[in-house]
Amino acid sequence: MDKNRRTLTCGEPTAAHCDREVILNGWVHRVRDHGGIRFFNLRDRYGQVQVVIDTDAPEQVKTAGNELKLEYCVAVVGTVRRRPESMVNPDMASGEIEVQATEINILSTSEPLPFMIEDRSDAREETRLKYRYLDLRSASMQNKMRLRHEVSFRVREYLSGLGFYEIETPTMIKSTPEGARDFLIPSRLHPGKFYAMPQSPQLYKQILMVSGFDRYFQIAHCFRDEDARGDRQLEHTQVDIEMSFVSAEDIFALVEGMMNHVFTHAIDHPLPTPFVRLSYHDAMNRYGSDKPDLRFALELQDAAALAQGSGFRVFEDAVASGGAVKALVVPGGATMSRKDIESLEATAKTYGAKGLAWMKIGDTGPEGGVSKFFTDKTDLIQPFEAKAGDLLLFVADTWKVACTALGAVRSSLGKSLDLVDRTAFAFAWIVDFPLFEWDDEKGRWEAAHHMFTMPQEQYLDQLESDPGAVKGDLYDLVCNGFELASGSIRIHNAELQSRIFDIVGFSRDEAQKRFGFLLDAFRYGPPPHGGIAPGLDRLVMIMAGEQSIREVIAFPKTTNGMSPMDDSPSEVDADQLKDLGIQIVE
RNA sequence: GGGGGUGUGGUGGAGAUGGUUACCACGCCGGCCUGUCAAGCCGGAGGUCGCGGGUUCAAAUCCCGUCGCUCCCGCCA
């Protein structure tokens, strides 16, 4: 049926095609029936073009045209013609021309739609996900999928150009229950035993280094059985990268080059490099987050000096017990209502703060809130450089709680006061993370990143004596308040690895049982190596200006881990369970 | 596990101090119309107000429970 096979896509016809006979395939996007003359827009991935059914069109065309409804899939044979001058549509790429139909064949019909295929469709996400195949037809979703493809392609182009091999690793692996909860796959051949879905290809990429593939990458699916969020799915995609014989500096340069390449070619937005670097401590101290949004300033300040002898117990106690008092100056914030401030306090409290102290700066000095403790001590307020009309906010607590709680307030203000430059991509490396974190529940040190992270060299002598002070050779890449990538230089020395296992209370037996295959591999000349793994979904989300990674995933799951389209997860037949030796416990 | 928001014809929203036939826009069906492009005009169909229970003469509306979606805390090496 050659007359049903397109000679052009719907995005292609222009004035240059005038008088040419063309065949188009596509979906009926909209029909405008004027009784005598009839128009419809034909749409495909590449664009839209207006088809005209003239009053003197062949009978076949009129009959078929009369049957057309939204989203019918059709073939149109016709002639491209220039539109009359006054009928040109400047909002349409093909607006100078139209196609005069000489034959229309309906390839398939469509039931009435649950929602309109258009970018301004305001169907709720639940409905969009149930009919994702229709949602994906909209220009905006098609664009996001195009962007996602472009990003993957440019990543592959860039890394391949630098001699990286893309190597696949298994998606059914050994369960190594550290970190997130594993998704498990029961084995039929070995009843009672399980594979796990990888949380990342971490151990395999390190083994590939042992195998001599000194530049590896993979666009890999990762699976974590934890509660989802707007920027977190059960299943996500990482650009997994590992290199041998490198330092963190090499990784930074590589990723900066890669991001610049991707942004330049995918959205024509070159990135200034090198990226800003912030230590974990500075990021927390100044922005109250280890993934600060650097698109606006509004920095946290230290208010410990203010607490001294203020007579304000909440501040004094926090400092006396080794904690901190952090302050935030909100320019012009004195106009905020009590309700506004209470809402900010609620935000601070979710992060563990006991309250949010505040005072306004009036023409004569501090007023309202906790100002009575400071009315005669205005010199103490001087360092904050608050002006009349500003609002001062304080959180007094442990250093970490004070920082994160006020950091959350900062983020909230960034949005509500519209301080964020929405056209910016504010990249930064966060470095000098602590290697260990104290776990109160377990009463022991835990690896902050993972147990194969190299400690920074200058701390090697105090690993055991002062684990909390040890910084790791590990780094995060953040952008606009999102963690975009995380990585580290790895340990390749068995003796050092053993010391780390000892500190986190990991016995040799246990280590051998869980990571034995990696430790075995490391007995055969492992090269020094390190890597990083940028999250593809978050990267594309940020580039697309979206707030949720579900917007850049073709078939995402809901926050409850369900897929409204295919209704997974679902129950399985008793026979399937029997094969696997599995019984459901009610 | 916890907290906030939300659920009303196919879609999105209004209705919330309980009270006639649940309103609007879009879509859908029928009709008119020769230049529209979110076409226009006229007419029409379409609803267990998420689900279950309760209070009441009477519940979309009040109460209890429950489910879905979503944002956040916890969790996510």
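Chain identifiers are assigned alphabetically (A, B, ...) following the order of the sequence lines, protein sequences preceding nucleic acid strands; residue numbering begins at 1 within each chain. Keep in mind that the numbers below use all heavy atoms, side chains included, and drop hydrogens, waters and symmetry copies.
- An aromatic stacking contact links A/His34 with the base of B/A39, defined here by ring centres under 5.5 Å apart and ring planes under 30° from parallel.
- One can find a donor-acceptor pair under 3.5 Å joining the base of B/U36 and the side-chain atoms of A/Gln50.
- Rounded to whole Å, the distance from CD on A/Glu71 to C1' on B/G27 is 13 Å.
- Of the two residues contacting RNA chain B, namely A/Met116 and A/Ala228, the nearest-nucleotide position lying further toward the 5' end is that of A/Met116.
- Residue A/Asp225 is out of contact with every strand shown, counting any heavy-atom pair closer than 4.0 Å.
- Ionic pairing of A/Arg81 and A/Asp19 is not present here: no N-O contact between side-chain nitrogen and carboxylate oxygen is shorter than 4.0 angstrom.
- In this structure, A/Arg444 pairs ionically with A/Glu446, as a charged nitrogen and a carboxylate oxygen lie closer than 4.0 Å.
- A/His29 has its NE2 atom 9 Å from the P atom of B/A38, to the nearest Å.
- The shortest distance between the side-chain N/O atoms of A/Arg229 and the OP1/OP2 oxygens of B/C73 is below 4.0 Å.
- You'll find a donor-acceptor pair under 3.5 Å spanning the side chain of A/Arg81 and the base of B/G35, going by distance alone.
- Atom pair A/Glu226:CD and B/G1:C1' shows a separation of 13 Å (rounding to whole Å applied).
- Side-chain to base pairing of A/Asp227 with B/G74: one donor and one acceptor N or O lie within less than 3.5 Å of each other.
- In this structure, A/Phe223 places its CZ atom 16 Å from C1' of B/C76, rounding to the nearest Å.
- A salt bridge is defined here as a Lys NZ or Arg NE, NH1 or NH2 lying under 4.0 Å from an Asp or Glu carboxylate O, and A/Asp240 with A/Lys205 meets this definition.
- Under the 4.0 Å criterion applied to side-chain N and carboxylate O atoms, A/Asp432 and A/Lys471 are not assigned as salt-bridge partners.
- Across all strands, A/Gly36 comes closer than 4.0 Å only to sugar-phosphate atoms, never to a base (heavy-atom distances).
- Counting to the nearest Å, the P atom of B/G3 and the CD atom of A/Glu345 are 19 Å from each other.
- Looking at heavy-atom distances under 4.0 Å, A/Tyr351 makes contact with sugar-phosphate atoms alone, never a base.
- At the heavy-atom level, A/Thr127 lies under 4.0 Å from the strands shown only through sugar-phosphate atoms.
- Salt bridge A/Arg132/A/Asp135: present, at least one basic N to carboxylate O contact under 4.0 Å.
- You cannot call A/Phe115 stacked on the base of B/U11; the centres under 5.5 Å and planes under 30° rule is not satisfied.
- Rounding to whole angstrom units, CD1 of residue A/Ile53 and P of B/C37 are separated by 17 Å.
- A salt bridge links A/Asp293 with A/Arg295: the distance from a Lys NZ or Arg NE/NH1/NH2 to an Asp or Glu carboxylate oxygen falls below 4.0 Å.
- If A/Met92 and A/Glu126 are placed on RNA chain B by their nearest nucleotide, the residue sitting closer to the 5' end is A/Met92.
- A donor-acceptor contact under 3.5 angstrom links the side-chain atoms of A/Glu98 to the base of B/G35.
- Between the base of B/C37 and the side chain of A/Arg83 there is a donor-acceptor pair shorter than 3.5 Å.
- One donor-acceptor pair, N or O on each side, does fall under 3.5 Å between the base of B/C76 and the side chain of A/Arg232.
- A/Asn560 has its CG atom 8 Å from the P atom of B/U70, to the nearest Å.
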